[in-house]
Amino acid sequence: MGGNKGLLMGEKNEFGCFYKNGEHMRRVYNLLSVPTILVLFASCAGGGGSVKNVDTANIAAVQRKVDAFAEVSLTASIDHLTEKEKQMLPILFRAAQIMDDLFWRESFGNKDSLLSSLPNDAYRAFAEINYGPWERLNGNEPFIEGYGDKPLGAGFYPTDMSKEEFEAFRDGAKESQYTVIVRDEKGGLKSVPYHVYFSSQIQEAASLLEEASGFAEDEGLKNYLLKRAEALRTDEYLTSDLVWMDMKSNRIDVVIGPIENYEDKLFGCKAAHESFILLKDMEWTRRLAHYATLLPALQRTLPVEEKYKSEQPGSDSDLGAYDVVFYAGDCNAGSKTIAINLPNDPKVHVEKGSRKLQLKNAMRYKFDKIVVPIAELLIVPAQRQHVTFDAFFENTMFHEVAHGLGIKQTITGKGDVQSSLKETYSAMEEGKADILGIYMVEQMVKMGELKDHDLMDNYVTFMAGIFRSVRFGAASAHGKANMVRFHYFQNMGAFTRNAEGFYEVNAEKMSEAVSSLSRDILVLQGNGDYDGARKMLTEQGVVDDLLQSDLGRINSANIPIDLRYKQGPEQLGLRPYVK
């Protein structure tokens, strides 16, 4: 979250647009049976439909889909906060909710028209999980009959716009992350800045950030809230990103605005709105701060020729541990991130580095409710003791560190890596971060930074985590990256599967596979090798029959695929915001 996605410009899809191949990614597996539902009329993105003649079996099937997302109360202790900080939180919750409303418009259209057309709480709950009628963790298949394929451009472009029309459109702002493309009065295309298109909601959100700044006792946080309000009103985010990186002593943090480009599967240009509200764990953050100073040394250890690691990562990057108390918009759709790597603007990376935010309470929820049950089902009994929360935390933390490693500009004169890899970039970048995260743990052990450390904990926990992420499907860059890694490990003998269907990790071969895959991805990125990246994803980013059968075992065991949250001021014992 990795994975984006300024603070928000999208390291995962941040600078320059790329063109997708126009084919809608189809489902890779069936999480649960899709119910047959009769609708009054067909519709597309933003359209409405009234569901009727829904029998008990259909309702039960949708309820099973809802239940596949374990509901947890998103909470944390606020005893360490001052009274003013406690007063600030409900204001931030309200601002975050506006980002949620904007994302509904970007993802689907009219939220109220969709929810009011649905027959019961199960359908409404599943639509709210997915921010529309398309099942995000099932290849964006419509779960309501009558809705066709989700438009690749979501709500960022006219649904009747062709790529040729967009390419012929002469407008310097058309490729901006912060414009919506609409039809003008003559039926042509025009670009409208976010702060104009969403004017009333943006103005309200900015005013709320300014109101919250009045309760900020930390000067860094106060300055950031004011600069972020200005950014929302102008769509100029660089200054607020830099100010955000300068915050060090704040106990409350908020990520807010248009950030990641995942929702735009047509060109990968447009950033979607989202927000996280976070409480910093000051003690754990101090423990993690040391790792940020090691980024240059970690870059030098990468298993590639010098030319593929010639760039220097920012020395002012930092790691922090947080409890997240609110997800809104893009980050709340489908699977929930457990770590953030921001800002995504490469200009900030050069000047300030980046910040890796580890969401400890969200990690613990996912580890307990998903990773542990998967391990008990698929990992050989003798290795299950190696599935630990500490290893899960480390693997996730170093995944975020790894986003800052490697190079951002190709060595072949093709420009930046993202533009060169086009639609393959997000999956390749997430794959790089995943595999280099494990490689970094190995290096930290060799450097003596992780003492008395059993790498088998990281390897086996990583293996169990692959099954968790593969369930996200091909519509997720994380899911696609994990499919590639599963088959790569399989081919190198990093694991074996016995007759009982249990997986066993071979530590020596796992280490070899980690180094080899790290090298392959870094070289593909450094060369800007689009054809090579596409070949890797096409050949290995698939779910074969054996993997499908094991995913079926997970589903049959009713192991949650992800989480959904009860969240808001009430979960913290606070009153909702009242203007």
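Within the structure, salt bridge (charged side-chain N to carboxylate O under 4.0 Å, His left out) contacts touching residues 502-518 (residues at least two apart or in different chains) do not occur. Within the structure, ring pair (Phe, Tyr, Trp, His ring centres under 6.0 Å) contacts touching residues 430-451 (residues at least two apart or in different chains) do not occur. For residues 360-381, the ring pair (Phe, Tyr, Trp, His ring centres under 6.0 Å) pairs, not counting sequence neighbours, are F367-F389, F367-F392.
With 3.5 Å as the limit, one finds no donor-acceptor pair spanning the side chains of Q358 and T396. A donor-acceptor pair shorter than 3.5 Å can be found between the side chains of S249 and D218. Side-chain atoms of N332 and Y565 include no donor-acceptor pair closer than 3.5 Å.
Scored by the salt bridge (Lys or Arg N to Asp or Glu O under 4.0 Å) test, D67 finds no partners at all (sequence neighbours excluded). Residues satisfying the side-chain contact (heavy atoms from CB on, under 4.5 Å) test with A375, not counting sequence neighbours, are I379, V387, A464. By the salt bridge (Lys or Arg N to Asp or Glu O under 4.0 Å) test, K360 pairs with D281, sequence neighbours left out. In this view, E449 and H290 satisfy the side-chain hydrogen bond (donor to acceptor under 3.5 Å, both in side chains) rule, not counting sequence neighbours. Under the rule for a ring-ring contact (aromatic ring centres under 6.0 Å, His included), F462 has no partner lying at least two apart in sequence or in another chain. Legend: residues meeting side-chain hydrogen bond (donor to acceptor under 3.5 Å, both in side chains) with E394, ordered by chain and number and at least two apart, are H453, N458. Legend: residues meeting side-chain contact (heavy atoms from CB on, under 4.5 Å) with R497, ordered by chain and number and at least two apart, are Y503, L546, S549, D550, R553. Every residue meeting the salt bridge (Lys or Arg N to Asp or Glu O under 4.0 Å) condition with E283, not counting sequence neighbours, appears here in chain and number order: R287.
A salt bridge is absent between E376 and R384; no separation between the charged side-chain nitrogens and carboxylate oxygens falls under 4.0 Å.
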Validation: residues 322-329 side-chain donor-acceptor distances under 3.5 Å, sequence neighbours left out:
| unit_1 | atom_1 | unit_2 | atom_2 | d |
| --- | --- | --- | --- | --- |
| D323 | OD1 | N361 | N | 3.4 |
| Y327 | OH | T337 | O | 2.7 |

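In the displayed structure, D121 atom CG is contacted under 6.0 Å by at most 12 heavy atoms of other residues, nucleotides or ligands. Other residues, nucleotides and ligands place no more than 12 heavy atoms under 6.0 Å from the NZ atom of K369.
Between the side chain of E274 and the backbone N or O of C331 there is at least one donor-acceptor pair closer than 3.5 Å.
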